[in-house]
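What follows is a set of notes on a single structure, which appears directly below.
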Number of protein chains: 2
Amino acid sequence: MTDSAIPMRPFAKSLPMALLQARETTMRSFRPMLAHHGLTEQQWRVLRALAAAPNDGLQVSRLADQTFLLGPSLSRILAGLERKGLVTRLVVVSDQRRARISLTPKAVDLVRRIAPQSEERYGEIEAKLGPDRYQALLTMLNELAQLELLGALPEQEVS
Amino acid sequence: MTDSAIPMRPFAKSLPMALLQARETTMRSFRPMLAHHGLTEQQWRVLRALAAAPNDGLQVSRLADQTFLLGPSLSRILAGLERKGLVTRLVVVSDQRRARISLTPKAVDLVRRIAPQSEERYGEIEAKLGPDRYQALLTMLNELAQLELLGALPEQEVS
DNA sequence: ACGCATTGATGCACATGTTAACCATCTCTG
DNA sequence: CAGAGATGGTTAACATGTGCATCAATGCGT
């Protein structure tokens, strides 16, 4: 009785599930490499964002935006990276609530070593999917991310 | 010095990041609805898979496959759902390692109430993205998920 | 029957996701 | 210029993600 009577899109055609599965497939390719360097996926996102940032670093909130990490997660991650000697934190004198996070030279070296391996993975995915399809996929994903969907922000009324 | 010298694909063109962002956008539309019913996203995945399963239920490993949850996560989630009276667990007599998980009538009712709201969300996404693009996106995501990427399974050699 | 690798599932440890509460600083207004 | 509110970050608490160890039940070869 549990089946047959509940009309619902099959799991396989669920966009969120497809996105989840696709991401898992790609990340399974990256994670072992990062683990080999003692980094988690999120720690790498932080290092990577900082590597592309201006030399005086980024403040925590900007870093959170760029890495799609929430504040509390980022706080913990930064504490860990600081303990590892990979990032430094400088309080902004003009507004002492803010801090600027930068990479240490040690971290810059690390990023330099990882980057080419990372590019290899991207290259493999792009090649196996086909450059044209890869681009098309990126385009559609970005378009999807721009959608403004109902119920996302306000307290929506449910039935 | 931290920037400019490390050649790396910009964050925005990173496929894993695009997948993450796209998934976040879609899930932001679903989560409030599920929270309103006291369910997390993962709990809903479990209920949904069970609702589509045969009446005698699914064993834990199959459920893990279908929901893309790892064993340990699923163990904890099932314990929670059992505590809430939403699933039951029956040990298989012929092989006592296995258990069959099924929905309780209470859970079936719950799924029945949530399903139409869920379909609404899917419909909105499909409509706003365009049915043709939606299908194309699903197709490419499934294709991506099927890729066999290096480093995913064996101990890969890193430099 | 016996040893023994395999399988289904859980336990453990650590890192992150998520929400709410909290704290320090700053800004604005009266 | 004091006090309310806004802002940037962190802390806390709980659930999940992830990899590894564990454990019991099973199947298999001899």
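In what follows, chains carry the letters A, B, and so on, assigned in the order in which the sequence lines appear, proteins first and then strands, with residues in each chain numbered from 1. In what follows, every heavy atom counts, from backbone to side chain, and hydrogens, waters and symmetry copies are set aside.
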Practice task
Indicate whether OP1 or OP2 belonging to D:dG9 is found under 4.0 Å from a side-chain N or O atom of A:Ser61.
Solution key: yes
Handout entry: From A:Leu78 atom CG to A:Gln43 atom CD, the distance as rounded to the nearest 0.5 Å
Key = 10.0 Å
Fill in the blank from the handout: Closest of D:dT16, C:dT10, D:dG8 to the A:Arg98 side chain is D:dG8
Exercise for the section: Using only side-chain N and O atoms of B:Arg31, determine if any of them is under 4.0 Å from OP1 or OP2 of C:dT18. Expected result: yes
Problem - A:Arg45 CZ - C:dA15 C1' separation (whole Å) - result: 13 Å
Exercise for the section: Drop me the distance from B:Thr104's OG1 to B:Leu110's CG, to the nearest 0.5 angstrom. Expected result: 9.0 Å
Practice task
Just call it for A:Ala35: base, sugar-phosphate, or nothing, with non-hydrogen atoms closer than 4.0 Å on any strand.
Solution key: nothing
Fill in the blank from the handout: Rounding to 0.5 Å, atoms CZ (B:Arg121) and CD (B:Glu126) come to a distance of 15.5 Å
Exercise for the section: Search all heavy atoms of B:Leu138 against all heavy atoms of A:Ala18 and return the closest pair with its distance. Expected result: CD2-CB, 3.6 Å
Exercise for the section: Just call it for B:Arg62: base, sugar-phosphate, or nothing, with non-hydrogen atoms closer than 4.0 Å on any strand. Expected result: nothing
Exercise for the section: State which of D:dG9, D:dG17, C:dT10 makes the closest approach to the side chain of B:Ser73. Expected result: D:dG17
Practice task
Counting heavy atoms from C-beta on, name the nucleotide in D:dT18, C:dT16, D:dT10 closest to the side chain of A:Gln43.
Solution key: C:dT16
Exercise for the section: Mind checking A:Ala79 for me? I need base, sugar-phosphate or nothing, with any heavy atom below 4.0 Å counting as a touch. Expected result: nothing
Exercise for the section: Name the nucleic acid region contacted by A:Glu24, choosing base, sugar-phosphate or nothing; use a 4.0 angstrom heavy-atom cut-off, strictly under. Expected result: sugar-phosphate
Exercise for the section: Side-chain contact test, heavy atoms from C-beta onward, threshold under 4.5 Å: evaluate it for A:Gln135 versus A:Asp132 and give yes or no. Expected result: no
Problem - B:Arg31 atom CZ, over 12 foreign heavy atoms within 6.0 Å - result: yes
Handout entry: d(CG, B:Leu63; C1', C:dT10) in whole Å
Key = 15 Å
Problem - Heavy atoms of other groups near A:Arg100 CZ, more than 12 under 6.0 Å - result: yes
Provide a list of protein-nucleic acid N or O atom pairs under 3.5 angstrom, restricted to nucleotides 22-26 of chain D.
unit_1: D:dT26; atom_1: OP1; unit_2: B:Gln96; atom_2: N; d: 2.9

Exercise for the section: Please report, rounded to the nearest Å, how far the P atom of D:dA21 is from the CG atom of B:Leu70. Expected result: 16 Å
Problem - Phosphate-side-chain proximity, B:Ser75 and C:dT10, N/O vs OP1/OP2 below 4.0 Å - result: yes
Fill in the blank from the handout: Rounded to whole Å, CG of A:Leu74 lies from C1' of D:dT11 at a distance of 14 Å
Practice task
Figure out the CD/P separation between B:Gln42 and C:dG17, and round it to whole Å.
Solution key: 12 Å
Problem - Nearest atoms (heavy-atom pairs only) where B:Leu34 meets B:Glu41 - result: CD1-CA, 4.0 Å
Exercise for the section: Measure the angle between the two terminal helix axes of the helix from C:dA1-D:dT30 to C:dG30-D:dC1, five base pairs each, and quote it to 10°. Expected result: 10°
Exercise for the section: Please figure out whether B:Gly71 or A:Thr40 has its closest DNA chain C nucleotide nearer the 5' end. Expected result: B:Gly71
Problem - Interatomic distance where CG belongs to B:Leu81 and P belongs to D:dA15 [whole Å] - result: 12 Å
Exercise for the section: Tell me which nucleotide among C:dT18, D:dT18, D:dG9 gets nearest to the side chain of A:Arg76. Expected result: C:dT18
Practice task
Using a 4.0 Å heavy-atom cut-off across all strands, classify A:Ile77 as base, sugar-phosphate, or nothing.
Solution key: sugar-phosphate
Exercise for the section: Report the distance from atom NZ of B:Lys84 to atom C1' of D:dA15, rounded to the nearest whole Å. Expected result: 11 Å
Problem - 4.5 Å side-chain heavy-atom contact, A:Arg45 and A:Gln42 - result: yes
Completion exercise
Contacts of A:Arg89 meeting salt bridge (Lys or Arg N to Asp or Glu O under 4.0 Å) (sequence neighbours excluded), chain-then-number -> A:Glu82
